[in-house]
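This report concerns only the one structure given below.
Just so we're clear, the structure is a prediction, and the values are computed from it rather than from any experiment. When reading the values below, keep in mind they use all heavy atoms of this one structure, side chains included, and skip hydrogens, waters and symmetry mates. In listed order, ligands and their atoms are each counted from 1.
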Amino acid sequence: MTEYVTVTSDMNLARNGAIKLYGRDAFEGMHRAGRLAAETLDMLVPHVVPGVTTAELDDLAREFMVAGGAAPATLGYRGYTHSSCISINHVVCHGIPSDRQLKDGDIVNIDVTPLLDGWHGDTSRMFLVGDNVPIKAKRLVDVTYECLMLGIEQAKPGNTMGDVAHAIQTHAERHRFGVVRDFCGHGVGKLFHDAPEVVHVGRPGTGPELKPGMIFTIEPMINIGKPDVKLLDDGWTAVTRDRSLSAQFEHSIGITETGCEIFTASPKGYDRPPY
Ligand code: MF3
Ligand code: CO
Ligand code: CO
């Protein structure tokens, strides 16, 4: 049984499993937070080059979010001590910024979530490092972006989460890629991670119905090989079990009366590489 609750200004926002239906003010707040998130990734574009360390990129991201009046929501989140997640090649998600240098031919996901005036703008994109990214890796990146956008196309009132998931899974598997099961999108807004779970594999017509006012992320992780992941000893870094390359894109969106709004679209049009 899916429960929905209309958000009011004085309500207790703590997780209770219900799906929140937000009003106009929330959509405006999410547009501001989402724009700052997208601008953070736009700003990073010229810095994502061979030789840069992921810690340097994390510093740039933090400084930009703070200068924009936000706090990085990941900083201190469940013991995570960085302002972004930077996931290289076979890292599926939650890569920890470090002294590791990017090298020519890498594919990299950068995921940021500024918390601005109480609203979380959560977004990630892939970046191609240097001029020698293999064709197969570029295809993975392209297909993963297409998966996200095909999912978003299904995000409208009357459809269900299963419709979103099915669109993503069908496109990925048509290309013989594996869709990660172990991580999902999520409700977002006043809370960083909220109900509902947004799965990326599923059957049409199943799962919670989408209603105007819902705010959530879609963030498919797609592997060249099998869907299986394993967690490294640091407790965060998730990698593909078969060491195949993995890609991910993420937008925060809100369901409207007729479809959805994307809060984290790039003001510069840098939504997908090449940038
Ligand atoms: N931004 C990630 C997401 O899309 C969550 C990162 S949580 C962290 O949900 F602690 F790993 F940073
Ligand atoms: Co997310
Ligand atoms: Co994210």
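The shortest separation from a heavy atom of F192 to ligand 1 is under 4.0 Å, placing the residue in contact.
Distance from atom 2 (C) of ligand 1 to its nearest protein heavy atom, with residue and atom name: D111 OD2, 3.4 Å. For atom 12 (F) of ligand 1, the closest non-hydrogen atom of the protein is T74 CG2, 3.0 Å.
There is no side-chain donor-acceptor pair under 3.5 Å between T113 and H120. Side-chain contact annotation: N223 with S244, donor-acceptor N/O pair under 3.5 Å absent.
Residue-ligand proximity, D122 to ligand 1, at heavy-atom distances under 4.0 Å covers atoms 1 (N), 3 (C), 4 (O), 9 (O). Atoms of ligand 1 lying under 4.0 Å from any heavy atom of T113, numbered from 1 in the order shown and given with element: 1 (N).
Annotation: side chain of K211 is not in contact with side chain of I255 (no heavy-atom distance under 4.5 Å). Using a 4.5 Å cut-off on side-chain heavy atoms (C-beta onward), D111 and T123 make no contact.
For the Co ion (ligand 2), the set of nearby N, O or S atoms under 2.8 Å includes none belonging to H193. For the Co ion (ligand 2), the set of nearby N, O or S atoms under 2.8 Å includes none belonging to D111.
The N, O or S atom of D122 with the smallest distance to the Co ion (ligand 3) is OD1.
Within the 6.0 Å centre-distance limit, the rings of Y22 and W119 are counted as a close aromatic pair.
Between the OE2 atom of E219 and the OE2 atom of E250, the angle taken at the Co ion (ligand 2) works out to 80° after rounding to 10°.
Open room surrounds CZ on R203; 12 or fewer heavy atoms of other groups in view lie less than 6.0 Å from it.
The residues D182 and K230 are annotated as not salt-bridged, no charged nitrogen and carboxylate oxygen being separated by less than 4.0 angstrom.
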